[in-house]
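Okay, structure first, notes after.
In this chain, residues are counted from 1 in sequence order.
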Amino acid sequence: MQTQALQEIAAAPDGEALQAVKTRYVGKSGLVTKELGTLGKLPPEERKARGAEINAVRAALETALNEREAVLKQAALDAKLASEAIDVTLPGLPLPAGGLHPINRVYDDLTAIYERMGYAVIEGPEVEDEHHNFEALNVPWYHPARDLQDTFWLDDGRLLRTHTSPMQIRYMVAHEPALKVVVRGKVYRYEATDATHEAMFHQLEGLVVGDGISMTDLKGTIAEMARGLYGPTAKVRFQPSYYPFVEPGADFAVWWDNPRGESKWLELGGCGMIHPNVFKAVDDLREAEGRERVYEGKTGFAFGLGPERIAMLKYGIPDIRYFYANDPKVIGQFRGELG
Ligand code: PHE
């Protein structure tokens with residue numbers, strides 16, 4: 001029986017099988033246990049030797065059982081560790097990396113150029129009031145220019161700013177001249193969308209105010225921006241245009257040696273010399289806040305341009321709607337690149 005049991009112990013493939021062997025031989029009603037129960041039927045002089053013999057078998061089996069159990073436990077542990085092991089030589093799973101949106105890249109290029117020229121860079125509220133978006137910018141309610149910029153109105157009478165120009169007003173009310181600032185941010189227009197028009201887009205607004213600021217300063221600034229964007233051979237062109245908050249007003253375009261052989265004038269934005277009515281509106285607001293009137297008699301210029309136009313050309317994006325459709329096939333091309 002001992003030989004048989006030791007073979008079965010050695011052959012038990014796992015803990016469960018080993019437990020079954022243990023029960024069969026040394027359990028409460030196991031074969032060895034039963035054998036002990038027969039001692040009473042033996043003549044007293046044989047009992048001691050027989051008892052010792054059975055107990056020796058029992059001890060041998062228990063030792064074997066314990067040893068086998070330890071071996072099986074270790075084997076199970078090894079198998080578990082092996083299944084959890086990481087092969088560090090395997091290629092890793094790619095982690096999705098972010099990247100800068102093309103509009104932010106263009107903004108960063110532009111603001112770097114203006115920071116080099118000593119401009120502050122600011123943002124401002126996208127929800128505006130009529131006074132800052134129109135009235136203070138010399139656009140009274142009856143002015144046809146209000147129709148040029150179709151407006152998203154809110155229930156409370158406020159609006160989504162149609163341009164970044166209201167920040168001219170806010171900045172001048174809060175700061176005294178001389179000042180140089182660019183504003184970056186989203187603007188909204190209620191109009192049909194197509195390849196070059198979106199209901200939401202971006203602007204970069206520039207504002208310079210001081211003494212004796214002239215149209216020459218404006219033109220030099222735009223030319224400096226063009227060279228910063230497109231290199232030393234870039235040129236700028238000004239054409240007369242009308243914006244109520246500047247006088248004279250102009251539209252400006254940039255020309256440069258496009259490496260793709262697509263050199264042409266790129267219409268970038270509007271600009272002009274700050275209209276005296278704007279300075280007056282700023283001083284009125286300052287006065288209402290108990291501040292000094294400091295803008296009348298000053299001179300300055302402002303400009304506004306759309307980074308989308310620059311980005312479309314720079315990155316070969318044919319439709320403005322691609323920027324905001326969140327299609328990973330488009331935006332994903334800019335992953336991982338931070339410049
Ligand atoms: N705010 C004008 C627009 O959105 C652009 C502009 C800004 C024109 C500053 C002149 C001066 O169309």
Side-chain angles (χ1 to χ4, degrees), residues 1-109 111-112 123 186 200 311 314-319 321-339:
M1 192 198 288
Q2 179 174 340
T3 312
Q4 168 73 18
L6 288 175
Q7 268 168 17
E8 284 177 34
I9 290 166
D14 53 34
E16 218 176 302
L18 190 66
Q19 186 58 43
V21 177
K22 186 173 180 174
T23 308
R24 182 153 64 253
Y25 288 99
V26 296
K28 259 195 190 125
S29 45
L31 296 171
V32 176
T33 320
K34 269 186 192 149
E35 215 42 56
L36 280 173
T38 64
L39 284 179
K41 293 176 193 150
L42 290 177
E45 62 279 14
E46 287 177 26
R47 273 184 210 159
K48 198 174 172 202
R50 181 66 178 156
E53 193 183 14
I54 297 169
N55 276 330
V57 170
R58 191 191 172 95
L61 294 189
E62 256 156 18
T63 305
L65 281 163
N66 287 339
E67 278 170 13
R68 183 68 186 150
E69 190 182 4
V71 168
L72 289 174
K73 265 192 185 155
Q74 187 60 51
L77 193 64
D78 288 349
K80 184 167 162 17
L81 286 177
S83 76
E84 286 172 356
I86 296 166
D87 182 350
V88 293
T89 66
L90 287 174
L93 295 174
L95 284 178
L100 288 183
H101 191 278
I103 295 300
N104 280 332
R105 292 165 189 238
V106 169
Y107 262 143
D108 289 349
D109 290 348
T111 49
E123 296 182 355
K186 294 184 174 84
M200 184 279 291
K314 180 169 184 186
Y315 300 111
I317 296 172
D319 190 315
R321 291 167 293 192
Y322 283 140
F323 286 125
Y324 314 115
N326 277 336
D327 180 347
K329 279 190 288 218
V330 178
I331 297 309
Q333 295 177 53
F334 298 92
R335 265 205 199 121
E337 291 172 43
L338 291 176

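Among pairs with a residue in residues 63-82, those fulfilling side chain to side chain donor-acceptor pair (under 3.5 Å) read Gln74-Asp78, Lys80-Glu84, at least two apart in sequence or across chains.
Residues Asp327 and Lys329 approach most closely at OD1-N, 2.8 Å, considering heavy atoms. Summarising the geometry of Thr111 relative to Asp108, their closest heavy-atom pair is OG1-O, 3.3 Å, with the distance given to 0.1 Å. The nearest pair of heavy atoms linking Ala311 to Ile103 is CB-CD1, 4.0 Å. Nearest heavy-atom pair across Leu6 and Ala64 is CD2-CB, 3.4 Å. Nearest heavy atom pair, residue Tyr322 against residue Ile331, reads O-CD1, 4.2 Å. Contact detail for Val21 and Ala5: the closest heavy-atom pair is CG1-O, 4.5 Å.
With sequence neighbours excluded, no residue forms a salt bridge (charged side-chain N to carboxylate O under 4.0 Å, His left out) with Glu123.
Distance CD1/Ile317 to CZ/Phe334: 4.0 Å, rounded to 0.5 Å. Taking OH of Tyr25 as the start and CE of Met1 as the end, the distance is 7.0 Å to the nearest 0.5 Å. Separation of atoms CD1 (Ile54) and CG (Leu39) is listed at 4.5 Å; rounding is to 0.5 Å.
For the pair Gln333/Tyr315, no side-chain contact is recorded, criterion being any heavy-atom separation below 4.5 Å from C-beta on. Proximity of Glu8 to Arg24: side-chain heavy atoms (C-beta onward) are separated by under 4.5 Å at one or more points.
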Would you mind writing out the side-chain donor-acceptor pairs for residues 26-37 within the sub-3.5 Å range, not counting sequence neighbours?
unit_1: Thr33; atom_1: OG1; unit_2: Gly27; atom_2: O; d: 2.5
unit_1: Glu35; atom_1: OE2; unit_2: Arg50; atom_2: NH2; d: 2.9

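The aromatic rings of Tyr324 and His101 lie parallel to each other, with less than 30° between the two planes, well short of the 60° mark.
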